[in-house]
Engineer: 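There's a structure below that I have some questions on.
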Amino acid sequence: MDSKSPRRVAHLDMDAFYASVELLRYPELRGQPVVVGGRSDKQPMPLEDGTSGFSRLRSYAGRGVVTTATYEARVFGISSGMGLMKAARLAPDAILLPADFGAYRYYSQLFKTAVARISPLIEDHGIDEIYIDLSSLTEDSNTLAQRIKQAVGESTGLSCSIGIAPNKLLAKICSDLNKPNGLTVLGFSDIPDRIWALPVSKINGIGPKANQKLATLGITTISELALADPGFLQAQFGRSYGGWLHEVAHGIDERPVIINAEPKSISRETTFERDLHARYDRHILSEVFTSLCAGVAQDLQGKGYVSRTISIKLRYEDFQTVTRDITLPLPTADAAAIRRAAAKCLRRVPLKRRLRLLGVRASSLSSGWVAESKRIPQQEELPLAIRTVD
DNA sequence: TCTGGGGTCCTAGGACCC
DNA sequence: TCTGGGGTCCTAGGACCC
């Protein structure tokens, strides 16, 4: 692309996506604090006689976290990633619904397909977000955004927030400025007015660790970061990250919108209800291990990939996490071969402490030949009637 | 009362080859 | 015998994101 032509990038973020999909199914819950989270396999489903059958946060016991909360639930201080037990103390009467990823993937496909009819230059960014390259379109940004929002609404019944800016960094920040159902268009000249007052944590890529370190250096807003000496930032954070901090604070981001990215890895992991011991709980662990490997194999085959590097991930009771991996002479998508490789990795890891999590990952992926008859259809390819919505 | 499951990207050391 | 770089692969860990 001509580097002199100005870019125009949209970031589209579905509003409280999982919770909003659940509200399509249970419209009687609209306006109430609703939390989606926990394990889908052990929670009671709502009774047929109405809202009284929904389970409440107060009755939850376990290790689950909040996946999404409606805006009514966020008022209580509930946010994504929070432990459900903690959320229950903040809002004991909030409704708790199990996550149904099959349904979310289905609605994800719907909204992405609808947007693709307006512009096919879409970068997937998780199940509920996309970047759209609008550079080659001629309509003005507000008109385009309204058309996109309308298409998303008509195809799914859901609302989204859109930010349009000269690059992905700024588009992402501004899609968040007027949530929910927001629309924000911004150019480089708007940065001092609209961006500089925001906390540095609004920048995609500045997480808890960097945020904390910046705070100890007296830098909490993007304007403070923009005014910081680049040499100082590089001395504190290293050449690469320090240089990046300086650039993003000034709204600079040259990353292209990547269409049709191939996956780099496919994994399955599970956190146990209680911490398990390698010896005393050997049979349970062995069963879980086998089924994780089978799951990875199924996903590889379903997506048409083979993998040359198999990894395991263990989390001990103290939350320390270790990984081991092995690279095979030939790539595979076979469950038994994956399990053999993963078992070799397991032998390299100490197993004295109890485990809270076990995971298996396949990486170094390449396209594998898969007979059509052996392909396992993915959830979103199935007709509604046979998708496992419950 | 601790902290899910699915990912991406980066760093860094050692092996190995030229 | 000693001492080089550069490049790539493999492995482990960690930050970060949705």
Side-chain angles (χ1 to χ4, degrees), chain A residues 11-14 16-18 35-42 57-58 60-68 79-90 92 98-99 101 104-105 108 123-131 168-169 172 175-176 200-213 237-245 248 255 258 261-273 275 292 295-296 299 303 308-329 344-345 348-349 356-365:
Chain A
H11 180 256
L12 184 159
D13 195 330
M14 298 297 289
F17 183 55
Y18 300 172
V35 167
V36 177
R39 300 178 92 95
S40 52
D41 52 348
K42 60 171 287 218
L57 264 185
R58 69 165 80 251
Y60 180 84
R63 293 179 155 174
V65 300
V66 174
T67 308
T68 323
S79 59
S80 298
M82 177 182 287
L84 283 171
M85 301 295 271
K86 179 176 178 181
R89 264 173 285 117
L90 294 171
F101 287 94
Y104 311 147
R105 277 192 292 268
S108 180
E123 175 178 330
D124 261 300
H125 200 72
I127 197 164
D128 67 338
E129 285 184 21
I130 50 174
Y131 291 98
K168 295 206 290 189
L169 170 83
K172 168 84 178 166
S175 72
D176 195 49
V200 290
S201 56
K202 289 285 180 185
I203 291 172
N204 202 245
I206 298 182
K209 299 278 184 183
N211 190 46
Q212 181 57 45
K213 183 164 178 184
F237 292 92
R239 268 180 72 91
S240 172
Y241 194 72
W244 176 81
L245 283 174
V248 292
R255 291 171 303 162
I258 308 234
E262 295 280 336
K264 301 277 197 289
S265 69
I266 286 172
S267 68
R268 289 283 183 101
E269 65 182 56
T270 188
T271 297
F272 310 121
E273 302 280 328
D275 298 335
L292 290 170
V296 169
D299 288 350
K303 293 174 174 161
R308 212 160 76 80
T309 302
I310 304 300
S311 323
I312 59 160
K313 170 171 158 185
L314 271 63
R315 179 120 74 206
Y316 295 107
E317 51 194 337
D318 63 359
F319 219 73
Q320 189 207 346
T321 306
V322 299
T323 61
R324 294 291 182 271
D325 57 66
I326 187 170
T327 298
L328 305 169
K344 279 188 190 169
C345 294
R348 309 207 306 257
V349 98
R356 68 174 285 140
L357 173 148
L358 183 59
V360 177
R361 170 190 312 269
S363 56
S364 304
L365 304 182

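Below, all heavy atoms of this structure are taken into account, side chains as well, without hydrogens, waters or symmetry copies. Chain A is the first sequence line, chain B the second, and so forth, proteins listed ahead of strands; every chain is numbered from 1.
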Engineer: When we call it a touch if two heavy atoms are under 4.0 Å apart, what does A:L292 touch: a base, just sugar-phosphate, or nothing?
Structural biologist: nothing
Engineer: Picking from C:dC17, B:dT8, B:dG7, which would you name as closest to the side chain of A:K264?
Structural biologist: B:dT8
Engineer: Contact class for A:G207 vs. all strands (heavy atom < 4.0 Å): base, sugar-phosphate, or nothing?
Structural biologist: sugar-phosphate
Engineer: Just to be sure I understand the rule, does A:G205 reach a base, reach only the sugar-phosphate, or reach nothing, if contact means heavy atoms closer than 4.0 Å?
Structural biologist: sugar-phosphate
Engineer: Is A:S311 close to A:T323 at the side-chain level, that is, under 4.5 Å between some pair of heavy atoms?
Structural biologist: no
Engineer: Mapping A:L357 and A:K86 onto DNA chain B by nearest heavy atom, which one lands closer to the 5' end?
Structural biologist: A:K86
Engineer: Do A:I206 and A:L245 touch side chain to side chain, with heavy atoms closer than 4.5 Å?
Structural biologist: yes
Engineer: B:dT3 P sits how many Å from A:R89 CZ, rounded?
Structural biologist: 11 Å
Engineer: Partners of A:K202 by side-chain hydrogen bond (donor to acceptor under 3.5 Å, both in side chains), sequence neighbours excluded?
Structural biologist: A:D176
Engineer: Check ring pair (Phe, Tyr, Trp, His ring centres under 6.0 Å) between A:Y18 and all other residues, then give those that pass, not counting sequence neighbours.
Structural biologist: A:F101, A:Y104
Engineer: Please determine if a side-chain N or O atom of A:N211 lies less than 4.0 Å away from the OP1 or OP2 oxygen of C:dC16.
Structural biologist: no
Engineer: Give me the distance, rounded to whole Å, that separates C:dA15 from B:dT3 when you measure between the C1' atoms they each carry.
Structural biologist: 16 Å
Engineer: Would you say the side-chain atoms of A:R315 and A:T321 include a donor-acceptor pair closer than 3.5 Å?
Structural biologist: yes
Engineer: Dump the pairs, protein N or O against N or O of nucleotides 12-15 of chain B, anything under 3.5 Å, distances to one decimal.
Structural biologist:
none

Engineer: Rounding to a whole Å, what distance do you find between A:L84:CG and B:dT3:C1'?
Structural biologist: 11 Å
Engineer: Side chain of A:Y241 only, heavy atoms from C-beta on: which candidate in B:dT3, C:dC16, B:dT8 is closest?
Structural biologist: C:dC16
Engineer: With respect to the phosphate group of B:dG4, does any side-chain polar atom (N or O) of A:R356 fall under 4.0 Å of OP1 or OP2?
Structural biologist: yes
Engineer: Tell me the interatomic distance from A:K344, atom NZ, to C:dC10, atom P, rounded to whole angstroms.
Structural biologist: 15 Å
Engineer: For C:dC18, take OP1 and OP2 only and decide whether either is under 4.0 Å from a side-chain N or O of A:T67.
Structural biologist: no
Engineer: Using a 4.0 Å cut-off on heavy atoms, which residues in residues 315-325 of chain A reach DNA chain B? List them by number, or say none.
Structural biologist: A:R315, A:F319
Engineer: Under the side chain to side chain contact (heavy atoms under 4.5 Å, CB included) rule, collect the residues that match up with A:S79, sequence neighbours excluded.
Structural biologist: A:M82
Engineer: In which stems does DNA chain C show up, taking only runs of three or more Watson-Crick or G-U wobble pairs whose two distances fall under 3.5 Å?
Structural biologist: B:5-18 with C:5-18
Engineer: Is A:T271 close enough to B:dT3 that one of its side-chain N or O atoms is under 4.0 Å from OP1 or OP2 there?
Structural biologist: no
Engineer: Return the set of residues passing side-chain hydrogen bond (donor to acceptor under 3.5 Å, both in side chains) with A:S364 (not counting sequence neighbours), or none when no residue passes.
Structural biologist: A:T309
Engineer: Could you state the atom-to-atom distance from CE of A:M85 to P of B:dG4 in whole Å?
Structural biologist: 13 Å
Engineer: Could you tell me whether A:R361 contacts a base, only the sugar-phosphate backbone, or nothing, with contacts defined as non-hydrogen atoms closer than 4.0 Å?
Structural biologist: base
Engineer: Using heavy-atom distances to pick each residue's nearest nucleotide on DNA chain B, tell me which of A:S267 and A:R63 is more 5'.
Structural biologist: A:R63
Engineer: List in chain and number order the residues that pass salt bridge (Lys or Arg N to Asp or Glu O under 4.0 Å) with A:R308, two or more places apart in sequence or in another chain; answer none if no residue qualifies.
Structural biologist: none
Engineer: Looking at residues at least two apart in the chain, or sitting in another chain, which of them share a side chain to side chain contact (heavy atoms under 4.5 Å, CB included) with A:K209?
Structural biologist: none
Engineer: At 4.0 Å (heavy atoms only), tell me whether A:A210 reaches a base, stays on the sugar-phosphate, or touches nothing.
Structural biologist: sugar-phosphate
Engineer: Name all residues meeting the side-chain hydrogen bond (donor to acceptor under 3.5 Å, both in side chains) criterion together with A:T270; count only those two or more places apart in sequence or in a different chain, and write none if there are none.
Structural biologist: A:R39
Engineer: Could you state the CG-C1' distance from A:N204 to C:dC16, rounded to the nearest angstrom?
Structural biologist: 8 Å
Engineer: Does A:I127 reach a base, just sugar-phosphate, or nothing at all? Heavy atoms under 4.0 Å.
Structural biologist: nothing
Engineer: For atom C1', what is the distance between C:dC16 and B:dG4, given to the nearest Å?
Structural biologist: 16 Å
Engineer: Of the nucleotides B:dG5, C:dT11, B:dG4, which has the atom closest to the A:V65 side chain?
Structural biologist: B:dG4
Engineer: Could you tell me whether A:E269 contacts a base, only the sugar-phosphate backbone, or nothing, with contacts defined as non-hydrogen atoms closer than 4.0 Å?
Structural biologist: base
Engineer: Give a yes or no answer on whether the side chain of A:S80 reaches the backbone of A:T67 with a donor-acceptor pair at less than 3.5 Å.
Structural biologist: yes
Engineer: Nearest to the side chain of A:H125 - C:dC16, C:dC10, C:dC18?
Structural biologist: C:dC18
Engineer: Base, sugar-phosphate, or nothing: which does A:T309 touch, judged by heavy atoms less than 4.0 Å apart?
Structural biologist: nothing
Engineer: Take atom CG of A:L169 and atom P of C:dC16, then tell me their distance rounded to the nearest Å.
Structural biologist: 16 Å
Engineer: What's A:S80 touching, base or sugar-phosphate or nothing? Going by heavy atoms closer than 4.0 Å.
Structural biologist: nothing
Engineer: By side-chain hydrogen bond (donor to acceptor under 3.5 Å, both in side chains), which residues pair with A:R348, not counting sequence neighbours?
Structural biologist: none
Engineer: Once you round it to whole Å, what is the distance between C1' of C:dC17 and CE of A:M14?
Structural biologist: 19 Å
Engineer: Quick one: classify the glycosidic conformation of B:dC2 as syn or anti, with syn meaning within 90° of 0.
Structural biologist: syn
Engineer: Could you state the CG-C1' distance from A:L328 to C:dC9, rounded to the nearest angstrom?
Structural biologist: 15 Å
Engineer: Quick one: label A:R308 by what it contacts on the DNA or RNA (base, sugar-phosphate, nothing), any heavy atom closer than 4.0 Å.
Structural biologist: sugar-phosphate
Engineer: Would you call A:K172 and A:Y131 a side-chain contact if the rule is heavy atoms closer than 4.5 Å?
Structural biologist: yes
Engineer: Once salt bridge (Lys or Arg N to Asp or Glu O under 4.0 Å) is applied, do any residues pair with A:R63, and if so which ones, sequence neighbours excluded?
Structural biologist: A:D275
